[in-house]
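Only one structure is covered here, and it is reproduced in the block below.
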Amino acid sequence: MNEPLTNGAEGRELIAFRVGQQEFCVNIMAVREIRGWTAATALPQAPRYICGVINLRGAVLPIVDFAVRLGLPGSAPTARHVIIVTQIHNQQVGLLVDAVSDILTLNDNAIQPTPDVASDLVKAFVRGLLPVDGRMISLISLDHILPADERQAA
Amino acid sequence: MDPMAAIRDTFFQECEEQLSELESGLMRMEGGETDQETVNAVFRAVHSVKGGAGAFGLEDLVRFAHVFETALDQVRAGKLDASANAVRLLLRASDALADLVRCARDGATPDEAQTTSLAAALKALTNGGPTDDGHAEDDEDDGLGDLTFLPLPVAVEAETTRPTGWIIKFRPLADLYGNANEAALLLREVSGLGPVSVTVDTSSLPDFADLDPEGAYLKWTITLQSDCDEQAIRSAFEFVEDDCELLISRASDQADEASLPQPGVDEGGAGSAETIRSPVPIMAANATASSDIPTDADVLAMIRKAQQSVSQPDHDQPAARSRQGAPPAVDGTSSKSDGGSAVGATIRVDLDRVDRLIDLVGELVINEAMLTQRVMEAGLARASGVAAALDELEHLTREIQDSVMAIRAQPVRSVFQRMPRLVREVAAMTGKQVRLLTDGEGTEVDKTVIERIADPLTHMIRNAIDHGLEPTDARLAAGKPEEGVVKLTALHRSGRIVIEVADDGAGINRERVKAKAIERGLIAPEAQLSDEETDNLIFLPGFSTASTVSDISGRGVGMDVVRRSVQSLGGRISIASRPGAGSTFTLSLPLTLAVLDGMVVSVAGHTLIVPLSAIIETLQPQAANVHTLGTDVRVVAMRGRYIPLVDVSMALGYRDAPLEADKSVALLVEGEGGIRAVLIVDAIQGQRQVVIKSLEANYRAVPGIAAATVMGDGRVALILDVDAIVSVTRTEILRGDALRAEPFLLQAS
């Protein structure tokens, strides 16, 4: 169900990005490209965390405001914001984040479990925590970023 | 995929074509068209299947096809009368043959009993005909086209004056290639003048070891069927004149010469005779050949010899050409008789390639729009000839797009042809007598649409026979003919394809439908429904009127599923029913899933596209004509009628407060089933053709939105789902929540 956490015995690469004061990272294999913010077309009846859709070389790409998706306060996107285009199963989804901060190479045993105190929303997306140079970076699983099975409920 | 499997796949693909050819031929025979052409077509189809099956060692298939073919041969020879009964048996045999083909393809076990009994019935039909052995000999003749068969085309040729044509002999010299010319391009150039058949002579090709990579070894003989003058042909070779040996002669001259000797001599003789006549010796090797043929009688012998041994390639070449159908006059008919159905030249192309092309053209259209917009913004358009050039570009882009879309367009015939069998089977199961009439099989629609209407259509036809038509005794009691009629029609209507399935049954029993709907809790008991609304209840999920669940239709999923699959294609389905006279299901689908003509409108700062096909007129509503009904429902008085008004910005949740009617622009639209509504928007920006982009591909379906597109500025714009928006008004205004078919739309407003 989840994307595999490892793609080998050791040494996986992650892209780290910043949203507000927090840092997150995703498996680099899931990232297709990183591009600047362009105005999105709002979708009616979309959840609050869907900024809308943009044109990605002819394909319609939904943009998820990552901060809002995690229940953090969102901010109006500016030209400084970044869209991380990710591949989730057979769909492409753009994540709106503040900035891309780092590319990390880590061993799996560096990943620590998410503490049980975290909120449901956090638990749904955070697969583990990484201590890097005194910073804490949350490892994100992208599986449930889009409201995939809410067709009926929409 | 290994090559053998690929060939096998091709064989099965071709089988499908042959089988549908077979079935449509038999249907024509059933309709009384027992002319030679039809019977031949049917025979050829079975014969081709048999031949292919033999090559793949599919014994069961070959055996059955052989019996079938024998029967058809009898019909062809006029020894067997194509009576209604006989044709019916042949139709069943064609179903069985199709089953066998599919079994062979999927590796399944065929229904032995059915095959055997049908084979027996076919044999019984043909008894008294020639034995199997005698027939097998015929087959060999067909396959080999050996010498005894050869004189035939020539005899025809000698009698008919053939249309003017040219024989071009073309032998490039090494310099031609050295000057960077390409023989293939020249041949293509010639083919532009008219239908050609080209034969290459590779006889001077040395062994690989001796081959000079920059040498020239090939020569071509081109038979051109065209009444152009010699100059036109010469001009094709204009640039290589000095680098090749070129001989152009009238084809009819040859025919004359060929008829001089005894009629048995074929074009091989003509070809050689011409070599003697030719002013330039174009083929060095033929110099010896010309001395070989002093008398006409020798020619025949020589050709025989040439055909038997490959050691005389010069002779073999023209002989081979004549065998493969060089005389153009004969060509037309002969290719038809060995090739089967296809009259026009066709190629098989991988669908992915076509789709890639369509995507690219879509990009081109967007780019063209972007370019136009940029030029307008830069203020260049009026100042120069740019506007005219852009117009030209737009025209061209559109044309390219249309042509590319046309590649995907196919007649609905391929789906319609599956239906007769379905009807036979369902009729047999229900014990009803059914006649299927089809009309408009040639109506073209995008391949994706065709593929995806097959299932809903199957369901609708089953439904029409099982539920629509009454049992035979009830029909007789109602004074109707014993045989029920199901009519399947396809036609183009205002940029969409409309498919109708009509039966002449009892029509919908509205009392029962309503009772059922109340019983299932689908509508409130006190709901007041119009006849049309009652009829459309059958599309609700979980609705089934059949009191017994049969194998054929009804498990309570039927029409609901049909409607959903039709809607997923951007199509609509509705039913019209007259008690005692039958019901008609109408399916309306977009012709293509790739482009649409739309009106660009702005709604609360958003740009939306409204499909042009839905818009009847645009108007400026006057405040005096807008009336409020109940709490928040508005209607517009138009030419004496009150039409519900929908504020698009509210329906899509863009605004909280309704737009003042007189500050807006109104579009009178017509949704499915002729339901009209007035949509109000902030402004109309213009009209354009847009490329449909799926929202579902990366996201999901959005209520009220049919799809998305990319505008000239590179931004995404949404395409309004007019039917969904219109039905909001309908369910809300007229029925409250009585019809809960689309619950999410109620939330939407």
Side-chain angles (χ1 to χ4, degrees), chain A residues 30-66 68-69 76-77 79 81 83-96 142-154, chain B residues 356 358-367 370 541 564 568 603-609 648-655 691-705 707-721 724-725 742-749:
Chain A
V31 176
R32 288 278 158 271
E33 65 179 281
I34 295 170
R35 64 198 322 272
W37 166 254
T38 41
T41 302
L43 292 172
Q45 272 100 51
R48 230 163 45 82
Y49 55 83
I50 300 285
C51 298
V53 285
I54 64 164
N55 163 28
L56 180 72
R57 287 184 299 279
V60 175
L61 183 81
I63 304 297
V64 172
D65 186 331
F66 196 73
V68 179
R69 184 63 173 131
H81 280 76
I83 292 170
I84 302 178
V85 180
T86 59
Q87 182 82 36
I88 306 173
H89 303 300
N90 49 10
Q91 292 189 314
Q92 290 199 345
V93 178
L95 300 182
L96 176 70
L142 297 171
D143 285 338
H144 305 294
I145 287 290
L146 268 197
D149 299 311
E150 292 176 34
R151 262 175 210 224
Q152 302 303 321
Chain B
R356 171 94 187 111
I358 287 175
D359 276 353
L360 284 174
V361 173
E363 295 293 292
L364 181 67
V365 171
I366 291 168
N367 246 293
M370 277 190 196
R564 226 179 304 143
S568 75
V603 176
H606 299 266
T607 300
L608 287 176
I609 314 289
V648 176
S649 64
M650 296 265 293
L652 295 179
Y654 289 153
R655 261 200 204 106
V691 178
I692 300 175
K693 299 281 179 185
S694 157
L695 272 174
E696 283 99 324
N698 285 323
Y699 186 57
R700 60 177 183 185
V702 177
I705 300 298
T709 187
V710 178
M711 299 300 286
D713 59 3
R715 287 195 58 171
V716 175
L718 302 175
I719 301 170
L720 201 68
D721 183 346
I725 297 287
E742 274 145 321
F744 57 88
L745 288 174
L746 295 175
Q747 282 180 20
S749 45

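All chains are named by letter (A, B, ...) in the order of the sequence lines, taking the proteins before the strands, and each is independently numbered beginning at 1.
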task: Identify which part of A/Ile50 has an atom lying under 4.5 Å from any heavy atom of chain B, answering side chain, backbone, both or neither.
output: side chain

- line: Sorted by chain and residue number, the ring-ring contact (aromatic ring centres under 6.0 Å, His included) partners of A/His81 (sequence neighbours excluded) come out as none

- request: Identify which part of B/Thr607 has an atom lying under 4.5 Å from any heavy atom of chain A, answering side chain, backbone, both or neither.
  value: neither

query: Mind checking what makes salt bridge (charged side-chain N to carboxylate O under 4.0 Å, His left out) contact with A/Asp65, not counting sequence neighbours?
result: none

- prompt: Do the side chains of A/Leu56 and A/Arg35 get nearer than 4.5 Å, heavy atoms only?
  reply: yes

- prompt: Quick check: does any side chain N or O of B/Thr709 sit under 3.5 Å from a backbone N or O of B/Ala717, one acting as donor and the other as acceptor?
  reply: no

- request: Could you tell me which of A/Ala59, A/Ala40, A/Ala46 has the largest number of non-hydrogen atom pairs under 4.5 Å with chain B?
  value: A/Ala40

message: With a 4.5 Å cut-off on side-chain heavy atoms, are A/Leu142 and A/Leu95 touching?
response: yes

- prompt: Given that the side chain runs from C-beta out, which part of A/Leu43 has a heavy atom under 4.5 Å from chain B: side chain, backbone, both or neither?
  reply: both

field: Which atoms of A/Val53 approach chain B - backbone, side chain, both or neither, heavy atom under 4.5 Å
entry: both

task: Please look at A/Ala42 and chain B and tell me whether the side chain, the backbone, both or neither of the residue comes under 4.5 angstrom of a heavy atom of that chain.
output: both

